[in-house]
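For reference, the structure discussed in these notes is given below.
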Amino acid sequence: MELKGKKVGIALTGSFCTFEKIFAELKNLVDAGADVYTIFSDASQQITSRFGNPEEFMKKAEDITGRKPILTIEDAEPIGPKSYLDILVIFPCTGNTTAKLANGITDTPVLMASKAHLRNNKPLVISISTNDGLGMNMKNIGLLLNAKNIYFVPFGQDNPEKKHNSLIAHTDKLIPTLEMALDGRQIQPIIEGF
């Protein structure tokens with residue numbers, strides 16, 4: 001399904017090393033004609049890292065999408081009753097967010113947006129980025145792989161020699177993943193090497 005005219009939510013969590021790629025894909029979504037809404041987790045709003053500061057990230061998201069990001073649980077909650085997103089992607093989805101989502105914890109704007117969106121039986125896409133994907137978080141990824149209306153951007157080990165448990169999504173596959181998820185299909189293969 002084409003993304004033109006679709007309302008796409010992009011929920012950013014604290015895997016800051018992926019933000020440069022994420023902002024490139026945000027622009028690609030806007031260029032494809034999608035109506036993009038961003039949601040920032042608490043960590044992505046508060047932590048300054050070697051990759052930049054949250055004020056810059058939030059301004060960049062607003063500049064690309066033309067709308068202010070959603071920053072609070074209260075502002076994310078109406079995504080459910082108003083049902084205004086066609087699809088939502090957690091991009092990037094950290095191990096912390098993965099674990100909370102798999103266990104029904106709703107304590108950040110991103111998790112509230114996800115819960116609110118899923119209640120409408122609409123697709124939620126996970127773009128994984130975690131150093132413990134093949135460790136403690138594998139069970140949570142497994143739960144989400146089997147959950148109704150949840151889809152994954154293809155992912156793989158980004159540095160198997162030095163970070164044995166690390167998994168990261170192929171962010172360049174975001175748009176085809178979203179198009180297929182809107183049709184109720186998981187893009188294949190889910191696991192790809194780098």
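Not measured: the values here are computed from a predicted model.
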Mind checking what makes side chain to side chain contact (heavy atoms under 4.5 Å, CB included) contact with [X], not counting sequence neighbours?
| X | result |
| --- | --- |
| I190 | L145, F152, F155, Q186, Q188 |
| D31 | K27 |
| M138 | L134 |
| S166 | N131, D158, K163 |

### Task
Write out all pairs satisfying ring-ring contact (aromatic ring centres under 6.0 Å, His included) with one or both partners inside residues 99-127, taking only residues at least two apart or from two chains.
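Sorted result for residues 99-127: empty, none.
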
### Query
If you look only at pairs with a residue in residues 67-94, which of them pass as a ring-ring contact (aromatic ring centres under 6.0 Å, His included), with sequence neighbours excluded?
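For residues 67-94, and leaving out neighbouring residues, the ring-ring contact (aromatic ring centres under 6.0 Å, His included) pairs sorted by first residue read Y37-Y84.
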
Applying side chain to side chain donor-acceptor pair (under 3.5 Å), name anything that partners [X], two or more places apart in sequence or on another chain.
| X | answer |
| --- | --- |
| T94 | T97 |
| K139 | none |
| K60 | none |
| S49 | none |

Using a 4.5 Å cut-off on heavy atoms from C-beta on, say whether the side chain of [Y] contacts that of [X].
| X | Y | value |
| --- | --- | --- |
| Q157 | L167 | yes |
| L26 | V36 | yes |
| L178 | Y151 | no |

Would you say the side chains of [X] and [Y] form a donor-acceptor pair under 3.5 Å?
| X | Y | answer |
| --- | --- | --- |
| N165 | D132 | no |
| S129 | S15 | yes |
| K68 | T38 | no |

### Message
With side-chain contact (heavy atoms from CB on, under 4.5 Å) as the test, pick out the partner of M112 among I39, T72, I73.
### Response
I73

### Query
Once you round to the nearest 0.5 Å, how far does CD1 of I79 lie from CG of L88?
6.5 Å

### Task
Not counting sequence neighbours, which residues clear salt bridge (charged side-chain N to carboxylate O under 4.0 Å, His left out) with K21? List them please.
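If we apply the salt bridge (charged side-chain N to carboxylate O under 4.0 Å, His left out) test to K21, skipping adjacent residues, there are no hits.
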
### Query
With a 4.0 Å cut-off, would you call D107 and K100 a salt bridge?
yes

### Query
Does K122 reach the main-chain N or O of L85 with its side chain, forming a donor-acceptor pair under 3.5 Å?
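Between the backbone of L85 and the side chain of K122 there is a qualifying donor-acceptor contact (under 3.5 Å).
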
### Query
Taking only residues two or more places apart in sequence or in another chain, which ones pass ring pair (Phe, Tyr, Trp, His ring centres under 6.0 Å) with F16?
F19

